[in-house]
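To start, the structure itself, in structure tokens.
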Number of protein chains: 2
Amino acid sequence: MNRREEIVDVAERLLERAGPEAVTMRRLADELGIQAPSLYKHVAGKPEIEAALQERALQRLAAALEAAPDLPSLAAAYRAWALRHPRLYEIATRLPLARERLAPGVEAAAAAPLLRVTGGDLTAARALWGLAHGLVDLELAGRFPPGADLDAVWAHAMGKRVAPGAGAGATG
Amino acid sequence: MNRREEIVDVAERLLERAGPEAVTMRRLADELGIQAPSLYKHVAGKPEIEAALQERALQRLAAALEAAPDLPSLAAAYRAWALRHPRLYEIATRLPLARERLAPGVEAAAAAPLLRVTGGDLTAARALWGLAHGLVDLELAGRFPPGADLDAVWAHAMGKRVAPGAGAGATG
DNA sequence: ACCGTCTAGCTAACAGTGTTAGCCAAGCGA
DNA sequence: TCGCTTGGCTAACACTGTTAGCTAGACGGT
């Protein structure tokens with residue numbers, strides 16, 4: 001339908017299949033059978049495409065966390081989604097949030113599952129987010145030594161809590 | 001002395017003063033009064049420069065953490081250094097570790113302060129790193145809402161621990 | 001049926017990126 | 001003095017995002 005959405009679709013496929021450096025204006029145009037400058041008839045520039053991808057990634061992440069009933073399963077879901085969609089996770093998380101371009105409610109929707117698990121405690125939810133994000137980010141960057149038992153790290157981190165009154169639980 | 005080190009020096013200054021997108025081969029050459037291709041007489045390519053910067057950043061971070069006696073002051077030192085040197089922190093942490101190019105001991109030196117604070121517990125140290133890194137990374141990316149009380153988040157996170165038997169402590 | 005306008009494509013071009021090839025002057029050891 | 005190595009140089013290539021300007025076709029109004 002919308003050519004703009006078509007462009008973002010292609011960008012998302014390209015990002016997941018070939019990595020961020022493959023998401024190039026000319027490559028996008030190729031994939032659509034047009035020339036690169038024609039993209040600018042539908043999109044202001046590459047940053048706008050990236051912002052659209054970021055919004056999608058946040059929505060996907062939020063959807064993946066929605067079903068988790070408690071802290072351990074939320075942690076597992078968070079990590080699992082990030083590992084399955086590393087490029088999307090990166091773009092969701094590394095890019096400074098373009099809050100103006102972002103459709104309203106997207107940020108809140110992504111935050112909701114964390115807040116639910118901390119019983120509405122905002123500070124605890126932010127700490128939990130930091131913890132989960134940090135572990136995932138370091139794992140994705142290959143920063144833990146090759147043999148590191150990350151399941152144990154997650155279990156330890158979530159078991160020792162961050163959220164008040166949550167129980168311990170193995171993750172993988 | 002070594003022209004190679006001179007190049008990395010300039011790269012570091014440029015990175016901190018003008019941001020990563022300013023660290024360009026031609027800009028580096030300009031700063032040294034030579035032409036860009038001449039850089040390749042001393043350096044294999046840009047990735048090598050980035051690896052050298054990453055190594056430096058790790059050493060600087062390790063030095064900043066060295067003096068911290070306990071968990072709360074370590075957390076404060078970690079956050080303070082990252083906020084004061086956001087570009088260096090990024091390059092230390094975002095780049096996949098080029099372990100071969102890295103001088104031996106650098107990684108261990110950066111990890112040591114965390115391990116000390118967790119009483120040698122490797123799993124706890126990794127969880128702690130994940131927590132600190134996640135909080136810092138999200139803060140640097142501007143991902144917490146404008147009014148968020150991050151001091152409280154740090155206090156909560158570190159107070160509720162991750163390391164066994166550490167006490168609570170305000171951070172800012 | 002014609003006229004005008006808007007849409008969505010096109011080519012050519014620009015400034016910038018990392019990088020390679022090939023030339024050349026200066027220094028230095030045998 | 002010869003020859004080699006060092007560290008510069010210019011020119012060029014393939015790539016990046018982006019702009020200007022042209023044009024074919026569709027659509028609506030008179």
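Just so it is clear: chains get the letters A, B, ... in the order the sequence lines come, proteins before strands, and each one is counted from 1.
- Taking 4.0 Å as the cut-off between side-chain N and carboxylate O, Arg126(A) and Asp149(B) do not count as a salt-bridged pair.
- Between Arg27(A) and dC15(D) there is no side-chain polar atom (N or O) within less than 4.0 angstrom of OP1 or OP2.
- Of the listed nucleotides (dT19(C), dC10(C), dT10(D)), dT10(D) has the atom at the smallest distance from the side chain of Gln35(B).
- Within the nucleic acid shown, Val43(A) has no heavy atom closer than 4.0 Å to any nucleic acid atom.
- A distance-only check finds a donor-acceptor pair linking the side chain of Asp70(A) to the backbone of Ser73(A) [under 3.5 Å].
- You'll find that the side chain of Pro37(B) is closest to dT20(C), out of dC10(C), dT20(C), dG17(D).
- With salt bridges taken as basic N to acidic carboxylate O contacts below 4.0 Å, none links Arg4(B) and Asp9(B).
- Contact check, Thr24(B) against dT17(C): a side-chain N or O comes under 4.0 Å of OP1 or OP2.
- Lys41(B) comes within 4.0 angstrom of a base, heavy atoms only.
- Inter-residue side-chain proximity for Met25(B) and Lys46(B) is flagged as met; some heavy-atom pair is nearer than 4.5 Å.
- A donor-acceptor contact under 3.5 angstrom links the side-chain atoms of Arg26(B) to the base of dG18(C).
- In this structure, Met25(B) atom CE and dG8(D) atom P are separated by 13 Å, rounded to whole Å.
- Residue Tyr40(A) contributes atom OH, which lies 19 Å from atom P of dA13(C) at whole-angstrom precision.
- Taking atom CG of Leu39(B) as the reference point, atom P of dT10(D) lies 14 Å away to the nearest angstrom.
- The side chain of Ile34(B) lies closest to dG8(D), out of dG8(D), dA21(C), dT17(C).
- You'll find that the side chain of Ser38(B) is closest to dG8(D), out of dG8(D), dA20(D), dG18(C).
- The side chain of His42(B) sits closest to dG8(D) out of dC10(C), dG8(D), dT19(C).
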